[in-house]
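A quick write-up on the structure given underneath.
For clarity, every value in this text was computed on a predicted model and none was experimentally measured. Because only heavy atoms are used, hydrogens play no part in the values below, and waters and symmetry mates are left out as well, while side chains stay in.
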Amino acid sequence: MKQRLLFILRYYVTLLALFVPAKLLFMAVNSDKGYTLTDYLNVAWQGLQLDVAIAGYLTALPLLLCIVSIFVKLPIRKIVQPYNVIAAIAIALAFIADASLYPFWGFKLDSTFLLYIDSPENAFASVSIGYLLIRFAMTVAAVTLVSLLFYRITPEKFIPGKGKIAATVTHIFIGGLIFLGIRGGLSESTNNVGRVYFSDEQFLNHSAVNPIFSFLYSLGKMQDYSEAYNYFDEAERSALFDSLYATDSQITDTLLNNTRPNIMTIIFEGMSAVFVDAMGGARPVATNFSALCDEGVLFTNCYANSFRTDRGLVCLLSGYPSFPQISVMKSPVKSQSLPAIAGSLAAAGYDNTFFYGGDINFTNMKSYLFSGGYNKLYADSDFPLAAQKTHRWGVNDHILFDSLYNLVGRQPQEKPWHITCLTLSSHEPWTVPHNSIPDDEIANAFAYTDSCFGQFIDKIKQSPLWENLLIVCVPDHAVVRYPRGTEQTDRSRNRIPLLLLGGAVKKPGQIETICNQTDIAATLLAQLQLPTDEYRFSRNVLSPSYKYPFAYHSYNNGISFIDSTGFSVLDLDSKSILKEEPADNDHKRLNRAKAILQSTYNDYKGR
């Protein structure tokens with residue numbers, strides 16, 4: 001048993017010993033900047049999570065053969081060596097291709113290169129024959145050396161011995177540990193590319209990513225919806241779509257006292273309009289939020305673009321529409337190309353912080369936030385250990401808001417700041433330290449978050465910071481199937497509150513214009529007199545050119561569209577119309593929704 005375990009350990013450690021220096025070499029050859037030893041050590045340490053995962057994948061077969069050899073004599077070297085050569089080829093190709101392509105692509109090796117396999121002459125058009133020959137020679141040399149290295153650490157044979165049960169149990173236990181390394185531990189989130197992001201300097205984040213993991217991860221996200229979403233020829237698509245997002249940065253109404261307030265965006269997990277009395281809620285739930293609606297500017301006809309947090313955050317923070325079966329956040333290559341409110345504010349001199357009580361690695365959130373311009377991120381691991389599991393998803397909201405208040409007090413005074421805070425307690429399983437609505441656990445969870453929010457606002461109103469503070473209050477999406485029986489075919493299903501609050505707001509009021517969550521980016525930046533040209537799919541709803549108000553929504557197998565004429569829903573699987581209210585014989589609403597889906601997907605595919 002000792003010989004087998006030693007072999008597995010050597011195999012695993014050898015892989016790690018190959019991955020770490022290869023990534024440091026990537027840094028050395030792809031940057032002219034003089035990075036410090038600390039930078040190199042951080043890349044090596046942070047990237048180890050994905051190195052461990054790939055080492056686990058590649059060690060799985062040798063481990064399985066070791067288990068078989070407990071019962072059957074195996075010439076292990078003869079069996080494993082062909083696999084070793086294949087592994088060596090994969091490692092050499094991945095790391096050399098990654099280091100070679102990065103100067104041209106600016107992102108890590110992923111499935112994008114598969115799009116060019118059918119046209120290699122175009123793929124290699126930017127490099128010389130000498131360049132390719134050098135890379136080929138490097139690959140051959142690397143494969144040879146790695147294959148020999150694996151050959152030397154692989155025993156010639158394994159012979160069955162005594163203690164078969166103990167040996168089997170031990171090897172299965174080792175397999176469990178390897179599986180945990182592949183998964184990324186026991187947390188809610190599994191390993192993803194963004195998990196190793198640690199810096200607001202994107203190159204350091206990219207350097208930490210294992211290119212084999214990046215490629216395999218992107219393969220799982222690769223699906224082409226060109227045919228499914230190809231509803232119109234280009235002329236018809238353009239005619240339907242081009243006028244839908246035609247706005248400018250001019251404003252008809254200045255909502256703020258000045259153009260450089262400190263900004264706080266509070267994103268409420270799943271809070272639909274149904275919980276807000278001021279928006280016609282069925283029962284008192286978010287009573288503090290409702291009361292504050294009389295003090296700020298309330299958008300009464302705002303609709304969420306999507307149904308999940310990872311999609312809703314991109315809609316909100318980047319003004320980029322969601323997709324039925326694609327999460328833009330999960331693709332770092334795509335998400336890093338998007339504009340973001342934090343990035344626009346950073347260009348105007350703002351300091352940007354993201355504050356969350358949950359696992360910020362979930363769905364590649366960390367990658368997206370760093371790419372979007374946040375220079376400081378706080379998440380569950382930054383809270384005291386006792387607080388980190390007060391909710392199934394992380395830190396309960398009363399702790400979150402108390403910590404947020406303390407964070408606000410530490411903000412720099414010499415420059416404007418922007419903090420985005422994402423709550424989490426109003427999420428399944430709805431277990432919160434609150435019992436004001438005992439007959440409805442969902443409403444009770446939202447009442448709890450609202451009470452935490454109310455206490456936070458009461459405290460910050462007493463602070464001198466309130467006078468120059470703009471608070472943007474909005475959910476990431478609407479809660480699913482609440483009240484019970486609510487479906488995507490219900491017009492109010494995705495209606496959400498959007499409230500501008502704080503001392504920087506000139507006067508209270510209501511804006512009844514139909515709009516989308518994606519419109520917050522252009523509308524907010526226009527109020528700050530900042531450019532909005534990058535936000536192609538975000539509309540400044542206070543612009544004089546915002547003449548056709550509508551709201552578009554996508555969910556896992558459908559799309560919906562609301563305008564002043566009515567409400568329509570299309571099922572994408574069956575291609576059937578689920579609702580036309582009132583009847584629209586020309587299907588104008590649905591044709592516009594289809595044009596948006598086709599246009600946004602074309603944009604996504606081209607990023």
Side-chain angles (χ1 to χ4, degrees), residues 1-23 44-95 142-143 145-193 195-196 209-217 219-220 361:
M1 181 169 69
K2 181 179 179 181
Q3 187 185 23
R4 293 180 182 86
L5 293 178
L6 189 60
F7 165 58
I8 292 300
L9 179 61
R10 285 175 175 170
Y11 203 96
Y12 195 90
V13 171
T14 298
L15 287 165
L16 295 179
L18 290 170
F19 295 156
V20 173
K23 289 189 301 179
W45 176 251
Q46 298 292 338
L48 202 57
Q49 294 180 78
L50 301 187
D51 295 340
V52 163
I54 295 302
Y57 278 120
L58 294 175
T59 306
L61 181 60
L63 176 63
L64 180 61
L65 291 173
C66 284
I67 294 174
V68 172
S69 74
I70 295 171
F71 303 94
V72 180
K73 179 181 177 180
L74 287 182
I76 190 73
R77 180 180 286 171
K78 185 179 294 186
I79 295 172
V80 172
Q81 194 55 25
Y83 172 79
N84 290 342
V85 173
I86 293 172
I89 292 172
I91 293 168
L93 283 175
F95 281 90
V143 169
L145 291 172
V146 174
S147 298
L148 288 173
L149 183 59
F150 280 131
Y151 182 86
R152 290 181 62 85
I153 65 172
T154 306
E156 185 174 343
K157 59 185 176 181
F158 285 141
I159 300 174
K162 297 178 181 180
K164 291 183 174 59
I165 294 177
T168 302
V169 171
T170 301
H171 281 75
I172 291 174
F173 176 74
I174 296 298
L177 294 178
I178 288 175
F179 172 77
L180 284 179
I182 293 172
R183 187 186 184 279
L186 295 171
S187 64
E188 292 287 342
S189 65
T190 55
N191 261 331
N192 56 64
V193 171
R195 192 160 209 171
V196 301
V209 174
N210 185 300
I212 303 176
F213 187 96
S214 177
F215 175 73
L216 294 176
Y217 185 82
L219 275 181
N361 292 302

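For the atom pair Leu61 CG and Ile86 CD1, the distance stands at 9.5 Å (nearest 0.5 Å). Note that CG of Leu58 is 6.0 Å distant from CD1 of Ile212, once rounded to the nearest 0.5 Å. Atom CZ in Phe19 sits 10.5 Å away from atom OG1 in Thr14 (nearest 0.5 Å).
In terms of modelled atom types and a separation under 3.5 Å, the side chain of Asp51 and the main chain of Leu16 share no donor-acceptor contact. Checking side-chain atoms of Gln3 against main-chain N and O of Pro155 turns up no donor-acceptor pair under 3.5 Å. A donor-acceptor pair under 3.5 Å is formed between the side chain of Arg4 and the backbone N or O of Ser69. The backbone N or O of Tyr217 lies less than 3.5 Å from no partner atom in the side chain of Asn192, so there is not a single donor-acceptor pair. With hydrogens and angles ignored, the 3.5 Å screen pairs no side-chain donor or acceptor of Ser214 with any backbone N or O of Pro211.
The closest side-chain heavy-atom distance from Leu15 to Ile54 is not below 4.5 Å. Pro75 is not listed as a side-chain neighbour of Glu156, based on a closest heavy-atom distance of 4.5 Å or more. Contact of the Ile91 side chain with the Val143 side chain is not registered, since no non-hydrogen atoms from C-beta on lie closer than 4.5 Å. At least one side-chain heavy atom of His171 sits under 4.5 Å from a side-chain heavy atom of Leu63. Side-chain contact check for Leu18 versus Leu149: some heavy-atom pair is nearer than 4.5 Å. With contacts defined as side-chain heavy-atom distances shorter than 4.5 Å, the pair Tyr11/Asn84 qualifies. The side-chain heavy atoms of Cys66 and Ile70, taken from C-beta on, include no pair separated by under 4.5 Å.
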Exercise. Run the side-chain contact (heavy atoms from CB on, under 4.5 Å) check on Val52 and Tyr12 step by step: do they pass?
Worked result: CA-CA 8 Å; Val52 163; Tyr12 195 90; 3.0 Å; yes

Exercise. Run the side-chain contact (heavy atoms from CB on, under 4.5 Å) check on Phe158 and Lys73 step by step: do they pass?
Worked result: CA-CA 6 Å; Phe158 285 141; Lys73 179 181 177 180; over 6 Å; no

For this session: For ring pair (Phe, Tyr, Trp, His ring centres under 6.0 Å), just list the numbers for Phe213 and Tyr57, CA-CA rounded to whole Å, side-chain angles, deciding distance to a tenth of an Å, and then say yes or no.
Result: CA-CA 10 Å; Phe213 187 96; Tyr57 278 120; 7.6 Å; no

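Of all non-hydrogen atoms in Ile153 and Phe7, the two that sit nearest each other are O-CD1, 3.3 Å. Here the shortest heavy-atom pairing between Val20 and Leu48 reads CG2-CD1, 4.1 Å. Summarising the geometry of Leu74 relative to Leu65, their closest heavy-atom pair is CD1-O, 3.5 Å, with the distance given to 0.1 Å. Of all the heavy atoms in Ala53 and Asn191, the pair that sits closest is CB-ND2, 3.6 Å. The two residues Lys23 and Phe95 make their nearest non-hydrogen contact at CG-CE2, 3.9 Å.
Around the OH atom of Tyr83, the shell of radius 6.0 Å holds more than 12 heavy atoms that belong to other residues, nucleotides or ligands. Environment of CZ in Arg77: crowded, with over 12 heavy atoms of neighbouring residues, nucleotides or ligands closer than 6.0 Å. A 6.0 Å sphere centred on CZ of Phe179 holds no more than 12 heavy atoms belonging to other residues, nucleotides or ligands. Other residues, nucleotides and ligands contribute over 12 non-hydrogen atoms within 6.0 Å of the NZ atom of Lys164.
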